[in-house]
There are 2 protein chains.
Amino acid sequence: MNINKFVTPEIIFGGHAIRQAGDACVRLGAKKVLIVSDRGVANAGWLEKVMELCKESHLPFATFVGVTTDPKDREVEQGCQVFVQHECDAIIGVGGGSVLDVAKAIAILATNGGAISDYEGIDKIKKPLPPMIMIMTTAGSGSEVSQFSIIVDSNRKKKMTIVSKTLVPDIAIIDPYTLVTKDSSLTATTGMDVLTHAIEAYVSIAATPLTDVQAKNALILCAQYLRPSVASKTNTEAKEAMAMASLQAGLAFSNAILGAAHAISHAIGGKFPLPHGEINAILLPYVMDFNFIATPKRFLDIATCLGIDTRGLTEREAGNAAIHFVKELSFDIGIPTRFREVGITQEMIHHISEVALEDACMITNPRDMNVEQVKQVLKNVL
Amino acid sequence: MNINKFVTPEIIFGGHAIRQAGDACVRLGAKKVLIVSDRGVANAGWLEKVMELCKESHLPFATFVGVTTDPKDREVEQGCQVFVQHECDAIIGVGGGSVLDVAKAIAILATNGGAISDYEGIDKIKKPLPPMIMIMTTAGSGSEVSQFSIIVDSNRKKKMTIVSKTLVPDIAIIDPYTLVTKDSSLTATTGMDVLTHAIEAYVSIAATPLTDVQAKNALILCAQYLRPSVASKTNTEAKEAMAMASLQAGLAFSNAILGAAHAISHAIGGKFPLPHGEINAILLPYVMDFNFIATPKRFLDIATCLGIDTRGLTEREAGNAAIHFVKELSFDIGIPTRFREVGITQEMIHHISEVALEDACMITNPRDMNVEQVKQVLKNVL
């Protein structure tokens, strides 16, 4: 019996939970907070909402809204400059995975110094971070509860995976009403990211009963609610369900870590400006097929959670049904099914495979992978 | 959609996890730690083990082993004196629920002063507590992860329920190997406490999907492993399963709170020196029967988790089957089934009922209760 750890932030979730942002930050002892966000979130009104809440709590603030999709190291440096110039002592991130990952990375540089690439890998952060409150507005990345931050190294054109228990925020705020401003395409790709988190966490070699139960419920919710959530901006039942799915998948993967789909996805995402959830969605069924022999029973469990009637099925049949389910779900919500549709070619495969093998997420994949096996998965999905 | 909170300590679990005690305490910045325990745990060797671990981590310590079952306010005061005299700045609790509850209560007095009765009820603690590490050795109370401390007011002969988010320890250590020193009677009563936590948390009005999944897995594990765990001190598979059940039930009830069985149990436990888990076990089926109409679907879920084939059953039939299961489990592991067997009489019922209605756990019971209804439940179980 191995020793396992389970770490979560304080979680505040529910309708209008965002209203607690200012008070929560004051409760953590903040005197001046840096609010990190991006243009899309600002346009949707959520940045202004958080600024108002800080004013109501008499909490001075500075803002940094220079975060882009697949955020770069230089954005982290710029944000850190604002943090230092304004003498901030706490950070609020309000946005999707990119924003929250940058907010965390700013926290790293603020107290640990150096370049963000110094912290790539597992447990490289030595000094405590300033208090962090993360307000999730996409129901996807799970960054609001996770020990991960993913930042692009612009020289190496590579997504760096930074993993450390100290990256778990102090407080995560999940307010399903913030999801109604997402368009259907973003709902689809972030939703498939949630599904990928749940499946990879459930078959991870670091899975525990504490993470399993969260991963399984996330699967049940994705299977039932992702399609209706993509179909309608105002289906609040579906938004609430997907917010919970994202949260539960986040708790699962933050503690069980991920697998080959994310490792390969990070390698691709560093080079191609594709939505992270879309890359995951394209890869996931092929990685599931590769991983099946490592843990057939768990793929049967996944099929059951996805709503497949597995009575009388062999584990292989149930696994195949689960893979088919994932493909069909992707198709239904308008996600491409092949990498050639998004511009990846045969020539790029070798390099992508080598980079993927170095990613921290590969360590917990349930089946060992060598470069030829990564290449074969990528060839299957071209 | 209500706003909910979910708070947990950092959790370290697995075989020999106890070995991390000293280093974990140093990591929290401790300079001198008070180790709280009791005679039984000391005799089993676990106190000495923790003292050795502190020495290895070069962490000075003082000890307080004056905790008894159903711990009293004066024990908390004595422990706090030791904390102050030795200028401690952190607390390790090593033991069962009584020890951990006293360790938490010492932490309250150490930084907040006053009498422990000042903090009875919900959210009465104003100042931050010293770092707390809780090492669980009974697989029962869930105190190692919960926001509860239960202390007897010796004047009023009443169990005080103290509930506050700040009582969630910083680090919880769960080492299933510590359970092999428990005798079968303690395994039985603490195991039924776990089952009661899981059931009351699952039907609580404050239950959320985050607590539901933990409660349900705790039920599955109790149904499968409590009997074999009582049967054999050395069945490590059963010990591991019950340690996980206790942990998951603790995560569930700490965040969903409990219900009428615990409220009544606290009222009885303040007056009768009976094991807390035994009182819960006797009450539980009768409280389930009373609560059934509040949430029939959830009682059907409970039956399913207990391993009952609920296909074709009505919710009422499934609920009855779950109640029967609990009675049979109690009987199999040697727990009395009636309060008259343990000395409670008709004359005491009115007073017990009045005290129970004031307990903080009553607030989240799914069915409203008045004093006549509490009395009727108690009459049914005499």
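Chain letters run A, B, ... following the sequence lines, proteins first, then strands; residues in each count from 1.
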- Task: Measure distances from I174(B) to the heavy atoms of chain A and classify the residue's part below 4.5 Å as side chain, backbone, both or neither.
- Result: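 Interface part for I174(B): neither.
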
- Message: Between I171(B) and chain A, with a heavy-atom cut-off of 4.5 Å, which part of the residue counts as in contact: side chain, backbone, both or neither?
- Response: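 Looking at I171(B), nothing touches chain A.
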
- Query: In this structure, are over 12 heavy atoms from other groups packed under 6.0 Å from E52(B) atom CD?
  - Reply: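 Enclosed: over 12 neighbouring heavy atoms sit under 6.0 Å from CD of E52(B).
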
- For K297(A), what residues pass the salt bridge (charged side-chain N to carboxylate O under 4.0 Å, His left out) criterion, not counting sequence neighbours?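 For K297(A), the residues satisfying salt bridge (charged side-chain N to carboxylate O under 4.0 Å, His left out) (neighbours in sequence not counted) are D301(A).
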
- Task: Please identify each residue that fulfils salt bridge (charged side-chain N to carboxylate O under 4.0 Å, His left out) with D170(B), with sequence neighbours left out.
- Result: none

- Query: How about residues 17-29 of chain A versus chain B: which residues have heavy atoms under 4.5 Å apart?
  - Reply: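 Residues in range: A17(A), Q20(A), R27(A).
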
When you compare the side chains of [X] and [Y], does any donor N or O come within less than 3.5 Å of an acceptor on the partner?
X: K104(B); Y: S146(B); result: yes
X: S229(B); Y: T187(B); result: no
X: E237(A); Y: Y225(A); result: yes
X: K124(A); Y: S164(A); result: no
X: T190(B); Y: K182(B); result: yes

Least distance between heavy atoms, [X] atom then [Y] atom:
X: K126(A); Y: N112(A); result: N-OD1, 3.3 Å
X: L129(A); Y: T166(A); result: CD1-O, 3.4 Å
X: A201(A); Y: A256(A); result: O-CB, 3.7 Å

- Item | Contact leader toward chain B among L210(A), N217(A), V168(A), where contacts are heavy-atom pairs under 4.5 Å | L210(A)

- Residues from residues 5-12 of chain B approaching chain A under 4.5 Å (heavy atoms): K5(B), F6(B), V7(B), T8(B), P9(B), E10(B), I11(B), I12(B)

- Heavy-atom proximity to chain B below 4.5 Å, by part of L221(A): neither

- How many angstroms lie between CD1 in I308(A) and CG in L300(A), if you round to the nearest 0.5 Å?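 One gets 9.5 Å once the value is rounded to the nearest 0.5 Å.
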
- Considering only heavy atoms and a distance below 4.5 Å, find which of K216(B), H16(B), K165(B) pairs most often with chain A.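 Among K216(B), H16(B), K165(B), the one with the most close pairs to chain A is K165(B).
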
